[in-house]
Amino acid sequence: LASFRLLRTRQRRQIIMAQAKGGVIEAPDKGPKTIELIYFPVQARAENLKMMLAYGKMNYIDTFIYGQNWRDDKKAGKFPFGSLPVVVVTKQDGSKITLAQSGSITRYLAKYCGAYPADPLEAAMCDSVFEHGQDMSRINPIVNIFSGEKFKQLSEEWFSSFEEKLGKLLPYLGKGPFFFERSTPL
């Protein structure tokens, strides 16, 4: 199969565990009815989204797409900017909205599961660290696509400045376990 859907095993286990404890993990009434994450069968730009979904204990459908299905769906305009990942949100009334760009999807999920500051300045501070992480994630295509001499060349270039890039995060970490010297995430 060129693409397939599966309900994440981890999420299924969380629902079973919650049911055993007498509760069910469900999105609030005002939240999405379903969330479908569509991406290639690699971690890369979808990994932080999956982490956010797990953190928020949000049930979702993980759809992998590649090959001819990817080319056909892209040509048909299924993806707003012609790239992945996208998240298809089915609202409570059944209408669907496709969200594109991993940064905006991350912020949406963070807000929905309570992991995004309400204060605009704190949100901007978090965004700055997130965007620096996005810049650092340019290693993804290097490790997921290239091989041989091209891989060696690109990875050497990227890792030559890795320590400097990582070091720029240290002032924001401070003394606490969370950024901006927080003792809790929010």
Side-chain angles (χ1 to χ4, degrees), residues 1-15 25 27 32 34-90 96-113 115-116 126-166 168-169 179 185:
L1 295 171
S3 69
F4 57 93
R5 294 179 182 192
L6 67 110
L7 186 59
R8 297 291 294 189
T9 304
R10 174 177 47 204
Q11 298 296 329
R12 192 177 309 124
R13 264 184 285 190
Q14 287 178 337
I15 291 170
I25 299 171
T34 61
I35 294 175
E36 178 184 14
L37 172 61
I38 303 172
Y39 195 57
F40 305 111
V42 296
Q43 295 174 332
R45 291 202 174 268
E47 190 61 16
N48 67 314
L49 305 175
K50 292 176 183 183
M51 289 179 185
M52 190 62 62
L53 288 159
Y55 175 81
K57 296 179 177 72
M58 299 169 74
N59 200 15
Y60 68 102
I61 300 165
D62 201 2
T63 300
F64 298 117
I65 189 167
Y66 53 93
Q68 192 61 47
N69 283 11
W70 155 244
R71 289 186 290 279
D72 291 346
D73 285 353
K74 182 178 178 180
K75 188 176 181 179
K78 184 175 178 181
F79 312 114
F81 300 113
S83 62
L84 295 176
V86 297
V87 164
V88 179
V89 177
T90 304
K96 293 185 179 191
I97 296 176
T98 300
L99 303 175
Q101 301 295 352
S102 57
S104 64
I105 297 168
T106 300
R107 285 184 283 278
Y108 164 74
L109 295 174
K111 288 173 186 175
Y112 182 70
C113 72
Y116 196 81
C126 289
D127 286 346
S128 67
V129 171
F130 173 79
E131 293 301 332
H132 184 65
Q134 291 292 87
D135 289 344
M136 290 178 65
S137 74
R138 291 198 169 92
I139 186 69
N140 282 327
I142 295 170
V143 299
N144 287 310
I145 297 172
F146 299 104
S147 61
E149 285 302 313
K150 187 71 171 176
F151 170 79
K152 183 178 178 185
Q153 173 202 346
L154 292 173
S155 62
E156 284 175 2
E157 288 172 14
W158 192 88
F159 279 106
S160 69
S161 63
F162 176 71
E163 193 171 317
E164 177 188 345
K165 291 173 190 172
L166 193 59
K168 290 182 179 182
L169 290 173
F179 284 103

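Numbers for residues simply follow the sequence, beginning at 1.
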Legend entry - Pair K165-D135, side-chain contact (heavy atoms from CB on, under 4.5 Å): steps then yes or no: CA-CA 9 Å; K165 291 173 190 172; D135 289 344; over 6 Å; no
Shortest non-hydrogen separation from [X] to [Y] and the atoms involved:
X	Y	answer
S102	L49	O-CD2, 3.8 Å
S83	W70	CA-CH2, 4.1 Å
P41	F64	CA-CD2, 3.5 Å
V89	L99	CG2-CD1, 3.9 Å
K50	Y60	CG-OH, 3.6 Å
T98	V88	OG1-CG2, 3.9 Å

Legend entry - E157 atom CD: more than 12 heavy-atom contacts under 6.0 Å: yes
In Å and rounded to the nearest 0.5 Å, what is the [atom1] to [atom2] distance from [X] to [Y]?
X	Y	atom1	atom2	result
L53	I35	CG	CD1	5.5 Å
L37	M58	CG	CE	11.0 Å
T106	L109	OG1	CG	6.5 Å
K96	T34	NZ	OG1	6.5 Å
F162	S155	CZ	OG	13.0 Å
S128	K168	OG	NZ	13.0 Å

Inset, instruction - Quick one: list whatever passes salt bridge (Lys or Arg N to Asp or Glu O under 4.0 Å) with K74, sequence neighbours left out. - result: none
Inset, instruction - For the pair R107 and E131, evaluate salt bridge (Lys or Arg N to Asp or Glu O under 4.0 Å) and give the outcome as yes or no after the intermediate values. - result: CA-CA 11 Å; R107 285 184 283 278; E131 293 301 332; 3.2 Å; yes
Inset, instruction - Verify, without hydrogens or angle tests, whether S104 (side chain) and A100 (backbone) share a donor-acceptor contact under 3.5 angstrom. - result: yes
Legend entry - Main-chain N/O of R45 paired with Y39 side-chain donor or acceptor, under 3.5 Å: yes
Inset, instruction - Assess whether side-chain contact (heavy atoms from CB on, under 4.5 Å) is satisfied between I145 and K150, documenting all intermediate values. - result: CA-CA 10 Å; I145 297 172; K150 187 71 171 176; over 6 Å; no
Inset, instruction - For V86 and F81, run side-chain contact (heavy atoms from CB on, under 4.5 Å): C-alpha distance rounded to whole Å, both residues' side-chain angles, the deciding distance at 0.1 Å, then the answer. - result: CA-CA 9 Å; V86 297; F81 300 113; over 6 Å; no
